[in-house]
Amino acid sequence: MKVKIKSPGTVANLVCGFDILGLALKAPYDIMEFEIIDQPGVVIENRDAFNLPTEPEKNVAGVVLLAAIEKAGFNKGIRVTIEKHIKPGSGLGSSAASAAGAAVGANILLGDIFSTDDLVQLAMIGEKLATGVKHADNITPCILGGITLIRSIHPLDIVPIASPDLFVTVVHPQIEVRTADARQILRKQVYLKDAIKQWGNIAGLVAGFMTNDRGLIGRSLEDVIIEPVRSILIPAFDEVKAKCKEAGALGGGISGSGPSIFMLSENEATAQMVGDIMKKVYDSIGIENYVYVTTIAKNGVERVSE
Ligand SMILES: Nc1ncnc2c1ncn2[C@@H]1O[C@H](COP(=O)(O)OP(=O)(O)O)[C@@H](O)[C@H]1O
Ligand SMILES: N[C@@H](CCOP(=O)(O)O)C(=O)O
C-alpha cells in the first residue's frame, strides 16, 4: 500500500503568540509518499533541490518515522519520498510540514493507531531536531488545519480556534533564517509592562478570531517582545509592514521565525495589493522574493489520490 499526502505550510507565532498560536496555509505545501518495506528502519528519498539529509537521524521526517515505528512496536520499515515546496529556513514551517506529514503518513500506514495528541508529540520530535526545542505552533495547525492555540505542551493542551475567512499574503525574501538561530538571539527575560501588553494582545487576537471581529484582530496583531529583536534579521521589515497596513491589511508580522512576513486581509483585492507592495519593496532593494496570496487552510495534512 502507498500513502500520498499533502502537508501544508504554516504561519507560527501569529505575531503576539510566540510558540502558542499558528495557522495553516492553503499554499505552499509539500507532497510526501509512504510505503511499508520489509527492511526495518526508514529510507528517505528527496525529490527536490534542497539537498536535505537522507540519513533518517538527520532528517525531521526520518526521526518522526523512527519514533512512530518504535511507539507502534512495528517490525518492518517505512520508505518516504519527500517533494518539498516549502523552502527550509523560510519561516513557513518547512520542518513542521515534514514532521507532521511523517506522523500522519505513518499513522495511516500503521492502521490509524495514534491519537491527535500522539501525532503532535511524535511530530515535536522532528521540531526538536530542527530547532533544538520542542514547539508545536507549526505542527498543530499543520495536522489539524485552521488556527490553533497551544495552551500548553507539558501536558499537551490543544485548542482549535474558529478561523474567520481571511486572506493571507506572505512574502518570502530569498534569504535563510534558521529557526534555531532566531531562537538563540531572544532575550530570556521580559519586562512586566511588556508582558501585560502581550497578554492583552493574545487574548484580544483569540477573542477577535472567535467572534470574527476584524477590528479587534487588527488591533491585537502587535508583538512588543519578539518582533523588536527578530525583525533586525529581516531587511525592510518595518517598511513592508507599514506600507501593507497603509494599503488596508488588518495587520501581520514575522511568519514563524522569519524571514517571511505575512499579512491578513479581509478581501482578495486587498491581499493582492499587499502582495504587490511586498514584491515592489524587495525588488527595489535587489532581494529576490516570492509572494503567496492565499487563505487559511481549513484542513491540515490530507491524503491525496495517487
Ligand atoms: N525534512 C526536512 N524539512 C525541512 N527541514 C529539514 C528537514 N530535515 C532537516 N531539516 C533541517 O531543519 C532546518 C530547517 O528548519 P527551520 O529552520 O525550522 O525552517 P522552517 O522555518 O522553514 O521550518 C534546516 O537546518 C534543515 O536542514
Ligand atoms: N515558535 C517558533 C516558530 C518557528 O517557525 P518556523 O516556520 O520559522 O520554523 C519560533 O518562533 O521559534
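Read the numbers this way: they start at 1 and go in the same order the structure lists the ligands and their atoms. Source: prediction; values computed, not measured.
Backbone and side-chain nitrogen or oxygen atoms of N138 are examined, and one is located within less than 3.5 angstrom of a nitrogen or oxygen of ligand 2. For a threshold of 3.5 Å applied to N or O pairs, the pair formed by E176 and ligand 1 contains no separation below that value. Looking at ligand 2, you won't find any N or O of T10 less than 3.5 Å from one of its N or O atoms. Residue D137 places at least one N or O, backbone or side chain, under 3.5 Å from an N or O of ligand 2. The distance criterion of under 3.5 Å between nitrogen or oxygen atoms is met by N59 with respect to ligand 1.
Per-residue contacts place G91 under 4.0 angstrom from the following atoms of ligand 1 (heavy atoms of the residue considered): 21 (O), 22 (O). In the vicinity of L92, heavy-atom distances shorter than 4.0 Å reach the ligand 2 atoms 7 (O). Here is the list of ligand 1 atoms found below 4.0 Å of a heavy atom in P88: 22 (O). Distances below 4.0 Å separate heavy atoms of T131 from the following atoms of ligand 1: 18 (O). Near F18, with a cut-off below 4.0 Å to any heavy atom, the atoms of ligand 2 are 10 (C), 11 (O), 12 (O). Per-residue contacts place R230 under 4.0 angstrom from the following atoms of ligand 2 (heavy atoms of the residue considered): 10 (C), 11 (O), 12 (O). Close approach of ligand 2 to G91 (heavy-atom distance below 4.0 Å) involves ligand atoms 6 (P), 7 (O), 8 (O). Atoms of ligand 1 found under 4.0 Å from any heavy atom of A130 (numbered from 1 in listed order, with element): 12 (O), 15 (O).
Scanning both residues, R178 and A130, for their nearest heavy atoms gives NH2-O, 4.3 Å. Considering all non-hydrogen atoms of both residues, V60 and G126 come closest at CG1-O, 3.2 Å. Here the closest heavy-atom approach between residue G145 and residue A24 is recorded as CA-CB, 3.9 Å. Taking each heavy atom of V240 and V281 in turn, the nearest pair found is CG2-CG1, 3.8 Å. The minimum heavy-atom distance linking V64 with A103 is given by the pair CG1-N, 3.6 Å.
Checked by atom type and distance alone, the side chain of K188 pairs as donor or acceptor with a backbone atom of L186 at under 3.5 Å. For the pair D137 (side chain) and A12 (backbone), a donor-acceptor distance under 3.5 Å is absent.
For G256, the closest heavy-atom approach to ligand 1 does not fall below 4.0 Å. In this structure, K87 has a heavy atom closer than 4.0 Å to ligand 1.
Using a 4.5 Å cut-off on side-chain heavy atoms (C-beta onward), V168 and L264 make contact.
Atom 8 (O) of ligand 2 has its closest protein heavy atom at S257 OG, 2.7 Å. At the shortest separation from atom 8 (N) of ligand 1 among protein heavy atoms lies V60 N, 3.1 Å. Ranking the protein heavy atoms by distance from atom 7 (O) of ligand 2 puts G93 N, 2.9 Å first. Of all protein heavy atoms, the one lying nearest to atom 4 (C) of ligand 1 is S94 OG, 3.5 Å. With hydrogens left out, the protein atom closest to atom 12 (O) of ligand 2 is R183 NH1, 2.8 Å, a heavy atom. When hydrogens are left out, the protein atom nearest atom 27 (O) of ligand 1 is L52 CD2, 3.4 Å; that is the closest non-hydrogen contact. Atom 1 (N) of ligand 2 has D19 OD1, 2.5 Å as its closest protein atom, hydrogens excluded (heavy atom only). The protein atom (non-hydrogen) at minimum distance from atom 25 (O) of ligand 1 is R178 NE, 3.6 Å. Remark: minimum distance from atom 19 (O) of ligand 1 to any protein heavy atom is reached at G89 N, 3.0 Å. Shortest contact from atom 9 (C) of ligand 1 to any protein heavy atom: K58 O, 3.6 Å.
Put simply, atom 6 (C) of ligand 1 has protein non-hydrogen atoms near it, under 4.0 Å away.
In this structure, M32 is a member of the same hydrophobic cluster as L144, with clusters built from ILVMFWY side-chain heavy atoms closer than 4.5 Å.
A side-chain hydrogen bond (donor to acceptor under 3.5 Å, both in side chains) with S257 holds for exactly one of N138, D181, T179; it is T179. When each of V170, I277, T169 is checked for a side chain to side chain contact (heavy atoms under 4.5 Å, CB included) with V291, only T169 meets the rule. Here the options are Q174, H172, E176, the test is side-chain hydrogen bond (donor to acceptor under 3.5 Å, both in side chains), and the partner is K87; only Q174 passes.
With a heavy-atom cut-off of 4.0 Å, S98 touches ligand 1 through its side chain alone. Only the side chain of K84 comes within 4.0 Å of ligand 1, counting heavy atoms alone; its backbone N, CA, C and O stay farther away. Under 4.0 Å from ligand 2, the heavy atoms of A12 that appear belong solely to its side chain.
With a 6.0 Å radius and a threshold of 12 heavy atoms from other residues, nucleotides or ligands, Y290 has its OH atom at or below the threshold. Within 6.0 Å of the NZ atom in K298, the count of heavy atoms belonging to other residues, nucleotides or ligands exceeds 12. Around CZ of F209, the count of heavy atoms belonging to other residues, nucleotides or ligands within 6.0 Å exceeds 12.
Nearest-heavy-atom check against atom 6 (P) of ligand 2 across I150, I226, I254, T179 picks out T179. For atom 16 (P) of ligand 1, the candidate residues are V177, D30, T179; the nearest heavy-atom contact is made by T179.
No side-chain N or O of D223 forms a donor-acceptor pair with one of N201 less than 3.5 Å apart.
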Full working for side chain to side chain contact (heavy atoms under 4.5 Å, CB included) between I261 and Y282: CA-CA 12 Å; I261 302 172; Y282 282 110; 3.5 Å; yes
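Taking the ring centre of F50 as origin, the terminal cationic atom of K84 falls outside the region bounded by 6.0 Å and 45° from the ring axis.
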